[in-house]
Amino acid sequence: MAAVKKQIRNSRYYVGEVNNLTRNGFGVYVYPNSFFRYEGEWTKGEKHGHGKLLMKDGSYYEGEFARGEIEGNGSRFWAKTGVSYSGQFSGGELHGYGVMQKGNGERYEGEFSYGLRDGNGFLVDKDEQTYEGSFHQNKRHGEGQMHYRNGDQYEGGWLLDQQQGHGVMRFGDGSVYEGQWRNNLFNGQGTMIHCSGIIYEGVWTNGRPLGGASKVVIEGGDVLEVFQETPFCVEVQLQTEVGEKATGENGRVLQISTAIRLCGLSLSTTPASLLKMMEDIKETPIPTPFGFQVVSYPLMERAFGSQVIDTAAPLAVAAVAAKSGSAQADSPLLLEGEWESGSGSDGLPLMGGTPSYLDGKEASGEQNQSGEGESTIITEFFSGLFAGQEEDSTPPPANQRVLEGQAKFQNLLLAPPPHDFIPYQLMDELKRNIKKPSNRAPTDRPGLSQEKNSERRSSTGSCFTSNIKKSSIDSRSVRPGEYVIMVKDVTNPPFQGQTLPPAFALLRLFPAKTKSKNSQTDKTKSK
């Protein structure tokens with residue numbers, strides 16, 4: 001049988017093989033608009049088989065054709081955008097499984113439906129974030145996993161490119177949320193385990209806990225009343241915006257501290273010595289809701305079995321006094337009405353209140369000589385008592401974590417003040433400045449009542465000499481008066497980036513109860 005002779009056609013638009021005057025075999029065809037150019041196989045005048053369609057702007061398709069259409073496997077490149085695709089085609093559209101690479105670094109591998117991502121696939125976006133899961137009409141839709149650039153990982157439901165339905169988000173900082181989502185936010189029932197230790201379980205609205213804490217409240221009112229040397233407790237509650245207890249929250253870290261009022265001074269009328277003291281305070285004053293500023297005062301947690309400093313001093317004085325015989329062993333350490341007379345009716349906080357045996361006045365005559373040995377003992381005692389306390393090294397109470405919206409600080413005591421505590425010095429100096437000068441002439445003798453009072457103090461405190469001054473002991477004593485309790489949210493890092501505002505309460509410290517008046521010294525009275 002004779003071989004079929006190939007016919008070659010050379011025209012303005014087509015150069016290649018023909019059969020019965022139709023393009024058949026391999027040929028090159030330039031479209032009349034000159035934008036498209038096809039090089040490849042033909043069958044009965046149609047592109048069919050393998051070929052390459054080139055465009056004048058540099059774009060092209062190379063792959064399989066069927067009956068004049070792009071159909072099957074091939075590669076496509078868009079010169080204007082730099083997008084390339086390699087995979088399956090149908091009717092000239094991306095359809096089936098393929099890989100698309102964009103010029104900005106985005107890459108998708110998965111299923112397509114008529115030019116759009118549809119079905120299961122793996123997407124790496126321009127920020128190198130990855131998504132693996134279901135797509136619909138080019139959007140994340142259905143179940144999928146998303147790994148974000150900041151380390152966050154989400155696994156759950158999607159609706160048209162937004163997190164929707166049930167899902168789990170594992171944040172880069174270690175926090176975990178599991179629950180309902182809507183519009184990319186926590187919405188509905190869910191549980192958050194925050195990296196700070198806070199756990200919230202409840203209803204969420206637009207990314208915020210519906211029953212979450214918005215404020216810290218100190219239980220017992222704005223004023224707490226306690227006694228010296230008596231441990232007290234402070235109970236704290238977290239409340240929502242509507243004042244309800246935030247029972248769904250656990251683990252928030254709260255810190256308790258105390259502060260003392262900073263006397264307000266006028267620059268025009270205040271002596272320079274007082275202004276100089278104010279300048280020596282390195283701490284920035286803290287504003288309070290009570291209309292005045294405060295500076296910190298040490299607070300400690302009582303360790304049971306240890307001796308309290310303020311209690312030890314009077315006991316030591318009593319022991320030495322009894323040994324020396326200068327005072328009766330059964331004589332009271334705190335004279336009747338001593339605190340009342342020294343509590344200060346002038347309204348200044350923490351003024352007076354020092355017992356007569358701590359006034360530091362020199363004894364005279366025989367009392368001064370007979371107490372010389374005992375003075376040395378007492379001096380050594382207080383030297384050891386305050387040794388190593390020149391700096392404020394008292395450890396503060398331990399922070400507390402909230403449980404079901406509540407926390408409790410127990411066994412609290414006001415600690416002895418630091419050495420040369422400036423707020424105390426300011427109060428003493430201010431009290432001296434506001435005292436009215438006496439009208440009595442310098443040469444006048446004290447009245448009879450003053451002489452009797454002096455004798456009473458000498459008999460009670462004859463064991464003290466000029467070596468022990470009032471300032472050296474009283475400066476290390478906790479003075480009765482008004483302090484301020486502060487409870488702060490110190491959760492770190494802050495829960496959802498927000499720290500709750502601090503809570504304040506006035507703390508009124510009264511002189512220690514004596515057993516003769518009330519044997520229940522460990523009871524705290526709150527108002």
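- Although no hydrogens or angles enter the test, the distance criterion places a donor-acceptor pair under 3.5 Å between the side chain of Trp204 and the main chain of Gly190.
- In this structure, His141 contributes its side chain and Leu160 its backbone to a donor-acceptor pair below 3.5 Å.
- A donor-acceptor pair under 3.5 Å is formed between the side chain of Asn24 and the backbone N or O of Lys44.
- Here the closest heavy-atom approach between residue Met486 and residue Ala259 is recorded as CE-CB, 3.8 Å.
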For residues 488-500, tabulate all N or O donor-acceptor pairs below 3.5 Å that involve a side-chain atom, not counting sequence neighbours.
{"residue": "Asp489", "atom": "OD1", "partner": "Thr491", "partner atom": "N", "Å": "3.1"}
{"residue": "Asp489", "atom": "OD1", "partner": "Thr491", "partner atom": "OG1", "Å": "2.7"}
{"residue": "Asp489", "atom": "OD2", "partner": "Arg252", "partner atom": "NH1", "Å": "2.7"}
{"residue": "Asp489", "atom": "OD2", "partner": "Leu500", "partner atom": "N", "Å": "3.0"}
{"residue": "Thr491", "atom": "OG1", "partner": "Val253", "partner atom": "N", "Å": "3.0"}
{"residue": "Gln496", "atom": "OE1", "partner": "Arg208", "partner atom": "NH1", "Å": "3.2"}
{"residue": "Gln496", "atom": "NE2", "partner": "Gly207", "partner atom": "O", "Å": "3.0"}
{"residue": "Gln498", "atom": "OE1", "partner": "Arg208", "partner atom": "NH2", "Å": "3.0"}

Pairs under 3.5 angstrom only: tabulate donor-acceptor contacts from the side chains of residues 166-173 to other protein residues two or more places apart or in another chain.
{"residue": "Asp173", "atom": "OD1", "partner": "Ser175", "partner atom": "N", "Å": "2.9"}
{"residue": "Asp173", "atom": "OD1", "partner": "Ser175", "partner atom": "OG", "Å": "3.1"}

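- At a threshold of 4.5 Å between non-hydrogen side-chain atoms, the residues Leu254 and Asn399 do not count as touching.
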| query | Run the side chain to side chain contact (heavy atoms under 4.5 Å, CB included) check on Arg67 and His48 step by step: do they pass? | reply | CA-CA 5 Å; Arg67 297 179 297 277; His48 191 86; 4.3 Å; yes

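- No side-chain heavy atom of Val487 sits under 4.5 Å from any side-chain heavy atom of Pro502.
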| Given the rule in the side chain to side chain contact (heavy atoms under 4.5 Å, CB included) test, do Met100 and Arg107 qualify, once you have shown the distances and angles that lead to the verdict? | CA-CA 6 Å; Met100 175 179 281; Arg107 183 179 184 274; over 6 Å; no

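- With Gln400 contributing its side chain and Phe409 its backbone, the two residues share no donor-acceptor pair below 3.5 Å.
- When side chains are defined from C-beta on, Ile256 counts as touching Pro397, because their heavy atoms get closer than 4.5 Å.
- Here Phe135 contributes atom CZ and Arg140 contributes atom CZ; the two are 7.5 Å apart, rounded to the nearest 0.5 Å.
- Summarising the geometry, atom OH belonging to Tyr29 is positioned 13.0 Å from atom OH belonging to Tyr38; distances are rounded to the nearest 0.5 Å.
- Taking the six-membered ring for Trp, Tyr483 and Tyr297 have ring centres closer than 6.0 Å.
- Closest approach of Pro501 and Val216 over heavy atoms only: O-CG2, 4.0 Å.
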| request: Any chance you could lay out the side chain to side chain contact (heavy atoms under 4.5 Å, CB included) test for Phe290 and Leu506, step after step, and finish with the verdict? | output: CA-CA 9 Å; Phe290 309 118; Leu506 292 176; 3.7 Å; yes

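- Proximity of Ile485 to Phe504: side-chain heavy atoms (C-beta onward) are nowhere separated by under 4.5 Å.
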| message | Does Met192 form a side chain to side chain contact (heavy atoms under 4.5 Å, CB included) with Phe186? I'd like the steps, not just the answer. | response | CA-CA 10 Å; Met192 163 75 80; Phe186 314 146; 3.7 Å; yes

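- The shortest side-chain heavy-atom distance between Trp181 and Tyr154 falls under the 4.5 Å cut-off.
- Here the straight-line distance linking atom OG1 of Thr258 with atom CG of Leu413 works out to 10.5 Å at 0.5 Å rounding.
- In plain terms, the two heavy atoms of Gly157 and Glu143 that are nearest each other are CA-OE2, 3.7 Å.
- The two residues Gly211 and Ala246 come nearest to each other via the heavy atoms O-CB, 3.7 Å.
- Judged by the 6.0 Å and 45° rule, Arg117 forms a cation-pi pair with Tyr108.
- Shown here for Lys408 and Cys233, the closest heavy-atom pair between the two residues is CE-SG, 3.9 Å.
- A salt bridge links Arg37 with Glu39: at least one charged nitrogen is closer than 4.0 Å to a carboxylate oxygen.
- Distance check, rounded to the nearest 0.5 Å: CD of Glu482 to CG of Leu507 gives 9.0 Å.
- The CG atom of Leu224 lies 6.5 Å from the CD1 atom of Ile218; values are rounded to the nearest 0.5 Å.
- A heavy-atom distance below 4.5 Å is not found between the side chains of Tyr148 and Gln153.
- At least one side-chain heavy atom of Gln228 sits under 4.5 Å from a side-chain heavy atom of Leu509.
- With hydrogens and angles disregarded, no donor-acceptor distance shorter than 3.5 Å links the side chain of Tyr13 to the backbone of Ser34.
- Within a 6.0 Å radius of CD in Gln189, other residues, nucleotides and ligands contribute more than 12 heavy atoms.
- Residues passing the ring pair (Phe, Tyr, Trp, His ring centres under 6.0 Å) test with Phe35: none are found, sequence neighbours excluded.
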Please list, one pair per line, the donor and acceptor atoms closer than 3.5 Å that link side chains of residues 50-58 to other protein atoms, with sequence neighbours excluded.
{"residue": "Asp57", "atom": "OD1", "partner": "Ser59", "partner atom": "N", "Å": "3.0"}
{"residue": "Asp57", "atom": "OD1", "partner": "Ser59", "partner atom": "OG", "Å": "3.1"}
{"residue": "Asp57", "atom": "OD2", "partner": "Ser59", "partner atom": "OG", "Å": "3.4"}

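- Rounding to the nearest 0.5 angstrom, the gap separating the CD1 atom in Ile260 from the CG atom in Leu414 is 9.5 Å.
- Aromatic rings from Tyr114 and His95 are positioned such that their centres are separated by under 6.0 Å.
- Between the side chain of Trp42 and the main chain of Glu17, no donor-acceptor pair closer than 3.5 Å is present.
- With hydrogens and angles ignored, the 3.5 Å screen pairs a side-chain donor or acceptor of Asn187 with a backbone N or O of Arg182.
- A donor-acceptor pair under 3.5 Å is absent between the side-chain atoms of Gln164 and the main chain of Asn184, judged by distance alone.
- Pairing each heavy atom of Val18 with each of Arg23, the nearest pair is CG1-CA, 4.1 Å.
- Other residues, nucleotides and ligands place no more than 12 heavy atoms under 6.0 Å from the CZ atom of Arg149.
- Side chains of Leu123 and Thr130 form no contact here, defined as non-hydrogen atoms less than 4.5 Å apart.
- Under a 3.5 Å cut-off, the side chain of Ser214 and the backbone N or O of Glu241 do form a donor-acceptor pair.
- With sequence neighbours excluded, the residues forming a salt bridge (charged side-chain N to carboxylate O under 4.0 Å, His left out) with Lys102 are Glu106, listed by chain and number.
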| task | May I have the step-by-step check of side-chain hydrogen bond (donor to acceptor under 3.5 Å, both in side chains) for Lys245 and Gln406, ending in yes or no? | result | CA-CA 8 Å; Lys245 185 177 177 182; Gln406 197 164 7; 2.9 Å; yes

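- With sequence neighbours excluded, the residues forming a side-chain hydrogen bond (donor to acceptor under 3.5 Å, both in side chains) with Tyr97 are Glu109, listed by chain and number.
- The aromatic rings of Phe36 and Tyr31 sit perpendicular to each other, their planes meeting at more than 60°, with 30° as the lower class boundary.
- At least one test fails for Arg76 against the ring of Tyr85: distance under 6.0 Å to the centre or angle within 45° of the axis.
- One N or O on the side chain of Glu71 and one on the backbone of Gly91 form a donor-acceptor pair closer than 3.5 Å.
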